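Below is one structure, written out as structure tokens; comments come after it.
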Amino acid sequence: DHHRGRLAAIDGLSGLSIVQLPQSLHFEARPGSELERTRRVLEAHGDVAILARDYPSFEMARELVGPERAKLCPDLAHLLEPPPSPPAGEDVVRLWRADSERRGAGDRDGAIDWFADPVIGFLDRLGHLFDPVRFPGRMAAREWIARAQLARGWSLLAKGRTLATDRLHGHILALSLGVPQVIVDSATGKLFAYRDTWTKAAVGVHLASSRAEAEEMALAAAHAASKS
């Protein structure tokens with residue numbers, strides 16, 4: 001779990017100032033939840049700043065670390081330059097979450113997710129077994145996995161004339177590629193919160209309430225574009 005890895009790193013780096021790069025924050029507010037554990041770890045450390053990438057996350061970050069250590073910041077993926085890519089060969093790329101943040105079951109036939117590559121997915125899961133503080137070699141492996149995942153992401157998104165997705169980074173990378181997209185919110189509300197904070201005025205982004213509706217809209221947009 002990414003969040004537990006972050007907490008382990010914070011817990012193991014007492015005495016150092018820590019800046020958490022842009023993240024969305026979402027916790028279940030119940031006794032014994034990750035929110036309570038997160039608050040304990042942050043309070044015990046005492047010198048953690050959080051860059052939050054949407055307004056709801058920003059408000060939660062202010063509550064967790066105080067207004068002086070909480071800042072609003074867009075995702076750093078906006079700084080990435082897309083590589084040259086061949087002309088799109090598919091009408092719609094369907095990039096749908098297959099994890100706990102997906103909203104509704106939906107039809108997975110023909111759909112993809114970031115970790116569909118079995119080698120990258122296996123290495124990513126393996127990397128979470130090691131404490132990044134006690135095993136610094138893990139960072140080099142994580143860097144390789146991140147670069148491989150990004151290259152695969154660019155390649156997948158560039159195949160489509162349009163995109164239907166509930167993935168935040170699918171949304172951001174498609175903006176960089178200039179690929180029209182239809183987005184569906186994730187179960188945590190993260191994607192629409194980010195759009196409302198930073199990309200509301202972006203051209204070529206449309207909203208849907210379900211995967212089926214998004215795919216219909218994306219296909220119609222691809223057909224309309226091919227006729228123009």
Side-chain angles (χ1 to χ4, degrees), residues 22-24 26 52-57 72-99 101-117 120-121 146-228:
Q23 288 292 313
S24 301
H26 176 82
R53 60 187 178 189
D54 58 60
Y55 284 120
S57 298
L72 189 64
C73 180
D75 194 278
L76 299 183
H78 288 286
L79 299 175
L80 296 169
E81 289 286 337
S85 55
E90 302 175 18
D91 284 331
V92 182
V93 167
R94 300 163 59 207
L95 178 65
W96 296 125
R97 304 192 74 105
D99 60 10
E101 290 188 38
R102 69 186 182 276
R103 173 170 286 174
D107 178 15
R108 293 289 310 163
D109 185 30
I112 55 175
D113 198 4
W114 289 137
F115 289 99
D117 185 294
I120 294 176
R147 289 183 180 277
Q149 189 74 340
L150 177 60
R152 180 173 180 270
W154 286 127
S155 176
L156 288 173
L157 298 180
K159 290 178 181 178
R161 283 179 276 276
T162 60
L163 169 70
T165 191
D166 56 1
R167 280 282 185 187
L168 174 59
H169 286 111
H171 167 60
I172 294 172
L173 296 186
L175 286 175
S176 297
L177 287 166
V179 175
Q181 56 184 284
V182 184
I183 59 175
V184 177
D185 208 1
S186 64
T188 62
K190 159 167 85 176
L191 181 49
F192 280 14
Y194 189 86
R195 179 255 180 189
D196 290 344
T197 304
W198 300 107
T199 63
K200 200 169 186 177
V203 176
V205 179
H206 304 280
L207 311 185
S209 58
S210 70
R211 293 181 175 187
E213 182 187 22
E215 291 176 11
E216 257 183 55
M217 292 171 63
L219 184 60
H223 287 173
S226 66
K227 293 175 183 177
S228 61

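If you're wondering where the values come from, they're calculated on a predicted model, not measured in any experiment.
Residues Asp75 and Arg53 are paired through a salt bridge, judged by an N-O separation under 4.0 Å between the basic side chain and the carboxylate.
Within the 4.5 Å cutoff, the side chain of Thr199 has no heavy atoms near those of the Val205 side chain. The closest side-chain heavy-atom distance from Leu173 to Leu150 is below 4.5 Å. Side-chain contact check for Val184 versus Thr165: every heavy-atom pair is 4.5 Å or farther apart. With contacts defined as side-chain heavy-atom distances shorter than 4.5 Å, the pair Asp196/Tyr55 does not qualify.
Atom CG of Leu156 is separated from atom CD1 of Ile112 by 4.0 Å, given to the nearest 0.5 angstrom. Taking CD1 of Ile172 as the reference point, atom CG of Leu191 lies at 8.5 Å (rounded to 0.5 Å). Atom NE2 in His169 sits 8.5 Å away from atom CG in Leu76 (nearest 0.5 Å). Here the straight-line distance linking atom CZ of Arg195 with atom CG of Leu175 works out to 11.0 Å at 0.5 Å rounding.
Of all heavy-atom pairs spanning Cys73 and Pro22, the tightest one is SG-CG, 3.7 Å. When all heavy atoms are compared, the tightest approach of Arg167 to Arg97 is NH1-NH2, 2.9 Å. Listed here is the closest heavy atom pair of Ser24 and Ser57: CA-OG, 3.3 Å. When every heavy atom of Ser176 is checked against every heavy atom of Pro82, the shortest pair comes out as O-CG, 3.7 Å. Considering every non-hydrogen atom in both Arg161 and Pro180, the closest pair reads O-CD, 3.3 Å. Of all the heavy atoms in Phe192 and Ala208, the pair that sits closest is CZ-O, 3.8 Å.
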- Task: Report the C-alpha separation of Leu163 and Leu177 in whole Å, then their side-chain angles, then the decisive distance to 0.1 Å, and conclude whether the side chain to side chain contact (heavy atoms under 4.5 Å, CB included) test is met.
- Result: CA-CA 11 Å; Leu163 169 70; Leu177 287 166; over 6 Å; no

- Residues Leu157, Val179; criterion side chain to side chain contact (heavy atoms under 4.5 Å, CB included); working and verdict: CA-CA 8 Å; Leu157 298 180; Val179 175; 5.5 Å; no

- Task: Given salt bridge (Lys or Arg N to Asp or Glu O under 4.0 Å), test Asp166 with Arg102 step by step and report yes or no.
- Result: CA-CA 8 Å; Asp166 56 1; Arg102 69 186 182 276; over 6 Å; no

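A donor-acceptor pair is defined here as one N or O able to donate and one able to accept, closer than 3.5 Å; no such pair exists between the side chain of Asp54 and the backbone of Ala193. Judged by distance alone, with hydrogens and angles left aside, the side-chain atoms of Thr162 form no donor-acceptor pair with the main-chain N or O of Ala222 at under 3.5 Å.
Classification of the Tyr194-His171 ring pair by plane angle, with boundaries at 30° and 60°, yields perpendicular.
Other residues, nucleotides and ligands contribute over 12 non-hydrogen atoms within 6.0 Å of the CD atom of Glu213.
Residue pairs meeting the salt bridge (Lys or Arg N to Asp or Glu O under 4.0 Å) criterion with at least one member in residues 170-190, sequence neighbours excluded, are Glu101-Lys190.
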